[in-house]
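Note sheet for the following structure.
For ligands, and for the atoms within them, numbers begin at 1 and follow the listed sequence.
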Amino acid sequence: MHGRAAALGAGTILNALATGTGSAFAIDAETTATVELDDSDDVRGTIAEAPDADTRLVERCVELVVEQYGDGEGGTVETESDVPMAAGLKSSSAAANATVLATLDAVGASVGRGPDDDITRIDACRLGVRAAREVGVTVTGAFDDASASMLGGVVVTDNTEDELVARDEPDWDVLVWTPPEQAFSADADVSRCEDVASMANLVAELALEGRYAEAMTVNGLAFSAALDFPTDPAVEAMPLADGVSLSGTGPSVVAVGDRDGLEQVQERWDARDGETRLTTTRTDGARIL
Ligand SMILES: Nc1ncnc2c1ncn2[C@@H]1O[C@H](COP(=O)(O)OP(=O)(O)OP(=O)(O)O)[C@@H](O)[C@H]1O
Ligand SMILES: O=C(O)C1=C[C@@H](O)[C@@H](O)[C@H](O)C1
């Protein structure tokens, strides 16, 4: 029994660690999961780019789907990804969503909104969020990141209830800077994030008014300060981009705006260690391959 699916990375508009309300947008970066189910007793995961990394998230995703839609199968799951791990670009959400969809494909469960479908995409996404909570790779469950990765577009969510509050489909150019370090969400200083809750409430208001670019800039300044990341990249981008923010719990920084302006920001950010990449938003979301 074989299944294969791809899900998207994402950037941050509002980090949910302060209040539980979060907002994220899908970008054109993908993680692909390939699942092979058999009559073995356990699930073994492999991450193509990182053989020593923690595979419990994707293994738990397979187990949860098999428990509900399969027949007790074990097997293997392998991910391949161009979303860098623990860089703030929602690698965990992309891996979980791709794995959940690939496993649903493998057991022959149909994903969609029709009366005969077994599960909707948003409920498939909730399974991945449950797995992320169970293995401890998230603080709030990160339903904001997960739903952006699964549905595409911009989402605003209540991560305390795993509910979608708003969704939109803007078409943006996006610049990403990823420094060479990693920052695991589970290690983030939540109490420092809670200290900037008043700014998070302002960011949520702006996002719900559709003022996404301003929202993300306020988010970036507040959470860079709370989590001790530099604000220089944001200041360099502000005259040339519509919005710029620390993404997730860092260390990546994302900017949105017009292509010309972002190319000029890229020249500035290229002077830093790490990698820059010009990409776009995606509105189509995750898919079975
Ligand atoms: N390609 C992958 N395949 C399998 N598991 C992955 C993959 N990428 C990430 N993970 C899992 O997600 C964990 C990292 O999660 P974390 O939330 O810290 O990173 P992130 O989602 O990139 O960050 P952020 O939430 O700030 O965007 C890894 O330890 C691993 O368990
Ligand atoms: O682990 C979490 O709960 C989160 C991590 C970051 O990606 C945040 O951006 C997100 O809002 C929540």
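R60 places no side-chain N or O within donor-acceptor distance of the main-chain N or O of A96, the cut-off being under 3.5 Å. Looking at T12, its side chain does come within 3.5 Å of a backbone N or O of G248 through a donor-acceptor pair.
Near ligand 1, I47, D54, L57, V58, T79, S81, M85, A86, A87, G88, L89, K90, S91, S92, A95, V137, D145, F184, S185, G248, T249 each place a heavy atom less than 4.0 angstrom from the ligand.
Hydrophobic clustering, with ILVMFWY side chains joined whenever heavy atoms are under 4.5 angstrom apart, groups I27 together with V154. Put simply, L206 and L14 are part of the same group of oily side chains (I, L, V, M, F, W, Y) that touch within less than 4.5 Å, one to the next.
Applying the salt bridge (charged side-chain N to carboxylate O under 4.0 Å, His left out) test to pairs two or more places apart or on separate chains, those with a residue in residues 82-101 are K90-D145.
Each of D158, D162, T157 was checked for a side-chain hydrogen bond (donor to acceptor under 3.5 Å, both in side chains) with T160, and the lone residue meeting it is D158.
Every residue two or more places apart in sequence or in another chain was checked for a salt bridge (Lys or Arg N to Asp or Glu O under 4.0 Å) with D270, and none qualifies.
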Please tabulate protein-ligand N/O pairs under 3.5 Å for ligand 2, atom names and distances to 0.1 Å.
{"unit_1": "ligand 2", "atom_1": "1 (O)", "unit_2": "T138", "atom_2": "OG1", "d": "2.8"}
{"unit_1": "ligand 2", "atom_1": "1 (O)", "unit_2": "V139", "atom_2": "N", "d": "2.9"}
{"unit_1": "ligand 2", "atom_1": "3 (O)", "unit_2": "T138", "atom_2": "OG1", "d": "3.1"}
{"unit_1": "ligand 2", "atom_1": "3 (O)", "unit_2": "V139", "atom_2": "N", "d": "3.4"}
{"unit_1": "ligand 2", "atom_1": "3 (O)", "unit_2": "T140", "atom_2": "N", "d": "2.7"}
{"unit_1": "ligand 2", "atom_1": "3 (O)", "unit_2": "T140", "atom_2": "OG1", "d": "2.6"}
{"unit_1": "ligand 2", "atom_1": "7 (O)", "unit_2": "K90", "atom_2": "NZ", "d": "3.1"}
{"unit_1": "ligand 2", "atom_1": "7 (O)", "unit_2": "D145", "atom_2": "OD2", "d": "2.7"}
{"unit_1": "ligand 2", "atom_1": "9 (O)", "unit_2": "K90", "atom_2": "NZ", "d": "3.2"}
{"unit_1": "ligand 2", "atom_1": "11 (O)", "unit_2": "A16", "atom_2": "N", "d": "2.8"}
{"unit_1": "ligand 2", "atom_1": "11 (O)", "unit_2": "D144", "atom_2": "OD2", "d": "2.5"}

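Between W269 and W177, the ring planes lie tilted relative to each other; the angle falls in the 30° to 60° range.
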- For the pair E163 and R126, evaluate salt bridge (charged side-chain N to carboxylate O under 4.0 Å, His left out) and give the outcome as yes or no after the intermediate values. CA-CA 9 Å; E163 286 297 339; R126 290 187 175 105; 3.7 Å; yes
